[in-house]
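Notes follow once the structure below has been shown.
As the structure is a prediction and not an experimental result, all values here were calculated from the model. Each chain gets a letter, A, B and so on, in the order its sequence line appears, and its residues count up from 1.
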Amino acid sequence: MLLVNTVRDQFDRVLEGLQKRNFVEAEGLLNQVIDLDDKRKTTQTQRDQLQAEANSISKEIGQLMREGKKEEAEKIKNKTAELKLEIKSLDEANASAEEELKALLYTIPNVPHISVPFGKSAEDNETVLEYGAIPTLFEGNLPHWELIKKYDIIDFDLGVKITGAGFPVYKGKGARLQRALINFFLDEALKAGFVEVQPPILVNEESGYATGQLPDKEGQMYHATADNLYLIPTAEVPITNLYRDVILTEEELPIKNVGYTPCFRREAGSWGAHVRGLNRLHQFDKVEIVQITHPEHSYQALEEMSTYVQGLLKKLELPYRVLRLCGGDMGFTSSLTYDMEVFSAAQGRWLEVSSVSNFETYQSNRLKLRFKDSEKKTQLAHSLNGSALALPRIVAALLENNQTPDGIMMPKVLHPYLGFEKI
RNA sequence: AGAGGAGUGGCAGAGUGGUCGAAUGCGGCGGUCUUGAAAACCGUUGUACCGCAAGGUACCGGGGGUUCGAAUCCCUCCUCCUCUGCCA
C-alpha cells in the first residue's frame with residue numbers, strides 16, 4: 001500500500017499517476033487519506049498526553065506506598081479513573097481511524113511509473129519490441145489441444161476424472177517436457193546469480209495480505225478453510241514473504257531468488273471459449289524470480305530481469321514481443337510492468353508467458369521489508385518479480401510452432417534435459 | 001494427537017507487581033594506549049508513532065483481562081523443546 005507520507009508530500013505526482021489507471025475517485029480518496037491520518041495523529045497525541053499524566057500519577061502512588069503513606073496514595077487513586085475512561089475512548093477512536101485508513105489504503109493501487117502510458121485496456125499497451133520470425137506452418141497444422149491428443153502427451157479428461165476441468169495430466173514425453181523446462185529455467189537462473197529456494201505452496205492469511213492478494217483477490221485463490229491457508233497463485237507470495245518484517249543491511253542487497261512451484265488459480269468467472277487447452281489452467285507450473293533491491297537500483301534491476309526473460313525465450317527459439325503495460329491494464333500493486341508474449345502459430349495469437357514488475361515500496365510497506373542505508377537509517381526496500389517462466393503457454397507455443405508432418409521438433413537447448421529431440 | 005517445560009534486546013541470560021526499555025556477559029560501533037595488531041580500559045549500541053525541538057507514548061511471542069501501576073498475576077492463541085503415540 002501507499003505510504004501516507006508519500007501521499008502528503010507528493011500529492012500531485014500521486015494523483016497524476018493514479019489518473020493513468022483511470023482511477024477517477026483518486027483525488028477524493030487521497031484527501032480522505034490525509035484527513036484520516038490527521039485525525040489519527042490528533043487522537044494519538046491527546047491519548048499520549050493523558051497516558052503520560054496517568055503514568056506520572058501511578059509513579060507518585062508507588063512513591064507514596066514505599067514511604068508508607070497509604071492514605072495519601074488512596075486519595076489520588078481516584079484521579080486516574082477518569083483518565084482511564086478518556087484514554088480508553090481515545091484508544092478506540094484511534095484504532096478505528098487506523099483501521100479505516102488501512103482499509104482505504106488497500107483500495108488505492110500503486111502509482112504508475114512516469115514511463116507508463118495512459119490507457120484503458122490491453123489495446124493501449126505499448127509494444128517495446130518484437131523479436132523472431134513468425135513461423136509459417138504447413139497445411140493441416142493443428143492447435144496444441146489437438147496435438148496433445150495426437151501424440152498422447154497431455155490428458156485433460158483424466159484430470160477431470162481425478163480433480164476437475166483445468167487440471168491436466170501430463171504423460172510420457174509431455175511429463176518429461178515439463179520436468180525439462182523446470183530444470184532448464186532453474187539452471188539458467190542460477191547462472192544469472194539467483195539463489196534457489198523451495199517455499200511452501202500453502203500460505204497463511206498474513207502472507208496473502210503482505211503481497212496484496214488479500215483482501216481484494218480473495219476469490220482467485222483456493223482456500224483450505226479447515227486450516228485457514230491459501231494455495232499460492234504464484235511463488236511471488238511465499239518468496240517475497242520470506243523477507244516480511246526483515247531489516248536487511250545495504251550490503252545484502254540486491255537479494256535475488258528463484259523458485260519453482262506449482263501455482264493454483266480459481267480463475268472464477270474468467271472461463272470462456274478462447275481459453276481452450278493450455279491457455280488457462282487451475283494448476284500450472286512456474287519458475288519465478290524475485291528481487292529485493294535498493295530503491296535507487298530497482299529500475300535497473302527491472303531492465304535486467306526483462307533482458308533475462310527475453311534470453312530464455314531466445315534460447316527456446318520462440319518469437320516474442322515485449323509490452324509496456326498501460327495504466328489501465330497494469331496490476332494493482334505494480335509501478336511498471338513488462339509483459340512478454342510468445343506467438344503461438346497455430347492459434348495465430350500472442351500468449352502472455354511472463355510478467356515482470358517493479359512494485360517499488362508498495363509491497364515492502366505492507367511487508368515491513370526494510371534495510372539500513374549508509375547513514376544507518378532504515379528505509380523501505382523495493383521489491384520486484386517476474387515469471388521465468390510460466391510453463392503451459394510455453395508448451396503450447398513450442399508444440400504449435402515446431403510441428404511438422406513427422407513430429408514436433410524440440411529446441412536444441414532442451415535436448416540434454418529431455419533425452420529426446422522430437423515428439 | 002496426549003503429558004510436561006519454555007518463549008525477554010543481534011546472541012546468551014537475569015529479572016515474579018512500582019525506582020525496568022529492562023542487570024550482566026558476548027558481539028557491533030567510536031575512542032585511549034600501540035610502529036601496527038591483540039589485550040586492557042572508557043564510551044556507545046533496539047523498533048515504531050507524535051513533535052521544529054525539548055520531550056512524550058507504545059513494544060519483554062500475538063491478542064484480551066485484573067490493577068492506581070504488569071516483563072512479572074489471570075484467560076486465550078501461536079511457536080519451540082522433551083517424553084509418549086502416529087507417519088512419508
Side-chain angles (χ1 to χ4, degrees), chain A residues 1-9 33-105 198-210 214 224-230 238 241-253 255 262 292 361 363-381:
Chain A
M1 60 186 164
L2 294 181
L3 284 156
V4 178
N5 282 341
T6 309
V7 176
R8 278 182 192 280
D9 302 342
V33 166
I34 292 173
D35 288 348
L36 272 171
D37 192 50
D38 284 340
K39 197 166 141 197
R40 203 204 89 240
K41 282 183 184 181
T42 318
T43 51
Q44 196 187 324
T45 306
Q46 283 175 357
R47 193 217 93 98
D48 284 358
Q49 276 167 3
L50 294 179
Q51 185 63 254
E53 213 177 308
N55 284 349
S56 93
I57 291 174
S58 286
K59 270 188 188 162
E60 216 179 306
I61 291 171
Q63 182 66 30
L64 291 170
M65 296 293 263
R66 245 171 290 121
E67 290 167 7
K69 297 175 182 169
K70 268 197 169 176
E71 282 176 30
E72 282 183 53
E74 286 301 324
K75 265 188 223 166
I76 59 173
K77 268 191 191 179
N78 308 327
K79 279 196 196 170
T80 53
E82 206 179 310
L83 284 176
K84 275 179 81 178
L85 278 176
E86 277 184 68
I87 290 169
K88 200 175 178 190
S89 87
L90 283 170
D91 264 342
E92 276 160 18
N94 205 22
S96 77
E98 224 165 89
E99 219 167 279
E100 223 179 306
L101 179 60
K102 212 170 172 188
L104 183 59
L105 285 169
Q198 212 176 99
I201 59 174
L202 280 162
V203 294
N204 57 29
E205 241 179 341
E206 231 182 322
S207 298
Y209 274 99
L214 296 174
T225 51
D227 298 287
N228 197 23
L229 296 172
Y230 294 87
N241 268 283
L242 256 25
Y243 304 98
R244 169 151 50 87
D245 290 319
V246 168
I247 300 178
L248 298 159
T249 63
E250 199 165 357
E251 295 72 46
E252 288 174 289
L253 301 174
I255 282 178
I292 313 295
T361 59
Q363 286 184 332
S364 55
N365 187 26
R366 284 197 202 181
L367 287 159
K368 295 207 180 67
L369 196 192
R370 294 163 296 175
F371 73 100
K372 269 210 197 313
D373 65 22
S374 47
E375 283 161 16
K376 294 191 176 174
K377 284 195 169 177
T378 48
Q379 55 171 307
L380 294 171

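A:Asp245 pairs by the salt bridge (Lys or Arg N to Asp or Glu O under 4.0 Å) definition with nothing, not counting sequence neighbours. Among residues two or more places apart in sequence or in another chain, the salt bridge (Lys or Arg N to Asp or Glu O under 4.0 Å) test is passed with A:Asp48 by none. Listed by chain and number, the residues in a side-chain hydrogen bond (donor to acceptor under 3.5 Å, both in side chains) with A:Glu252 are A:Thr249 (sequence neighbours excluded). Judged as a side-chain hydrogen bond (donor to acceptor under 3.5 Å, both in side chains), and not counting sequence neighbours, the contacts of A:Asn204 are A:Ser207. Among residues two or more places apart in sequence or in another chain, the salt bridge (Lys or Arg N to Asp or Glu O under 4.0 Å) test is passed with A:Arg244 by A:Glu206. A:Lys84 is linked by a salt bridge (Lys or Arg N to Asp or Glu O under 4.0 Å) to nothing, counting only residues two or more places apart in sequence or in another chain. Applying the side-chain hydrogen bond (donor to acceptor under 3.5 Å, both in side chains) rule to A:Gln379 yields the partners A:Asp373; only residues at least two apart in sequence or on another chain are considered. In this structure A:Tyr230 satisfies the ring pair (Phe, Tyr, Trp, His ring centres under 6.0 Å) test together with A:His223, sequence neighbours excluded.
Checking B:C52 for Watson-Crick or G-U wobble geometry (two distances, each under 3.5 Å) identifies no partner in any strand. In this structure B:A1 sits in a base pair with B:U84, meeting the Watson-Crick or G-U test at under 3.5 Å. The partner of B:G9, taking Watson-Crick or G-U wobble pairs whose two distances both stay under 3.5 Å, does not exist in any strand shown. Pairing of B:C41, defined by two Watson-Crick or G-U wobble distances under 3.5 Å, is identified with B:G31. Pairing for B:C60 is absent, with no Watson-Crick or G-U wobble pair whose two atom distances lie under 3.5 Å. B:C20 is unpaired under the criterion used here, namely a Watson-Crick or G-U wobble arrangement in which both key atom distances are under 3.5 Å. The partner of B:U66 is absent, by the rule that a Watson-Crick or G-U pair needs both atom distances under 3.5 Å.
B:A6 sits 36 Å from B:A40 when the P atoms are compared, rounded to a whole Å. Remark: the separation of the C1' atoms in B:C77 and B:U82 is 22 Å, to the nearest Å. Taking the P atom of each, B:A39 and B:G28 are spaced 9 Å apart, rounded to whole Å. Nucleotides B:G21 and B:C60 are separated by 9 Å at their C1' atoms, to the nearest Å. Across B:U16 and B:C52, the matching P atoms stand 41 Å from one another, rounded to whole Å. Between B:C74 and B:U67, the two C1' atoms lie 12 Å apart (nearest whole Å). The separation of B:U34 from B:U24, taken at their P atoms, amounts to 30 Å, rounded to a whole angstrom. Comparing the C1' positions of B:G5 and B:U57 gives an interatomic distance of 36 Å, to the nearest angstrom.
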List the atom pairs, donor and acceptor, that lie under 3.5 Å between side-chain atoms in residues 86-103 of chain A and the rest of the protein, sequence neighbours left out.
{"residue": "A:Ser89", "atom": "OG", "partner": "A:Glu86", "partner atom": "O", "Å": "3.2"}
{"residue": "A:Asp91", "atom": "OD1", "partner": "A:Arg47", "partner atom": "NH1", "Å": "3.1"}
{"residue": "A:Asp91", "atom": "OD2", "partner": "A:Arg47", "partner atom": "NH1", "Å": "3.3"}
{"residue": "A:Asn94", "atom": "OD1", "partner": "A:Thr43", "partner atom": "OG1", "Å": "3.2"}
{"residue": "A:Ser96", "atom": "OG", "partner": "A:Ala93", "partner atom": "O", "Å": "3.2"}

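As a whole-Å value, the separation of A:Asn228 CG from B:C78 P is 12 Å. Between the NZ atom of A:Lys39 and the C1' atom of B:C50 there is a distance of 18 Å, rounded to whole Å. The CG atom of A:Asp227 sits 11 Å away from the P atom of B:U79 (whole-angstrom rounding). Distance A:Ile87 CD1 to B:G56 P: 16 Å, rounded to the nearest Å. One atom, CD of A:Gln46, and another, P of B:C50, lie 15 Å apart when rounded to the nearest Å.
Nearest-nucleotide positions on RNA chain B place A:Gln63 closer to the 5' end than the other of A:Gln63 and A:Ala52. Sequence order on RNA chain B of the closest nucleotides to A:Arg40 and A:Gln49 puts A:Arg40 first from the 5' end.
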Scoring nucleotides 58-71 of chain B by protein non-hydrogen atoms under 4.0 Å (B base, S sugar-phosphate only, - none) yields S---------BS--
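Residue A:Leu83 holds its CG atom at 5.0 Å from CD1 of A:Ile57, rounded to the nearest 0.5 Å. Distance CG/A:Asn228 to CD/A:Glu205: 4.5 Å, rounded to 0.5 Å.
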Short N/O separations, protein against nucleotides 46-48 of chain B, under 3.5 angstrom:
{"residue": "B:U47", "atom": "OP1", "partner": "A:Lys372", "partner atom": "NZ", "Å": "2.6"}
{"residue": "B:A48", "atom": "OP1", "partner": "A:Arg370", "partner atom": "NH1", "Å": "3.1"}
{"residue": "B:A48", "atom": "OP1", "partner": "A:Thr378", "partner atom": "OG1", "Å": "2.9"}

What N/O pairs connect the protein and nucleotides 85-88 of chain B at under 3.5 Å? Give each pair on its own line.
none

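Using a 4.0 Å cut-off between a side-chain N of Lys or Arg and a carboxylate O of Asp or Glu, A:Asp37 and A:Arg40 qualify as a salt bridge.
A:Gln198 CD: 12 or fewer foreign heavy atoms inside a 6.0 Å radius.
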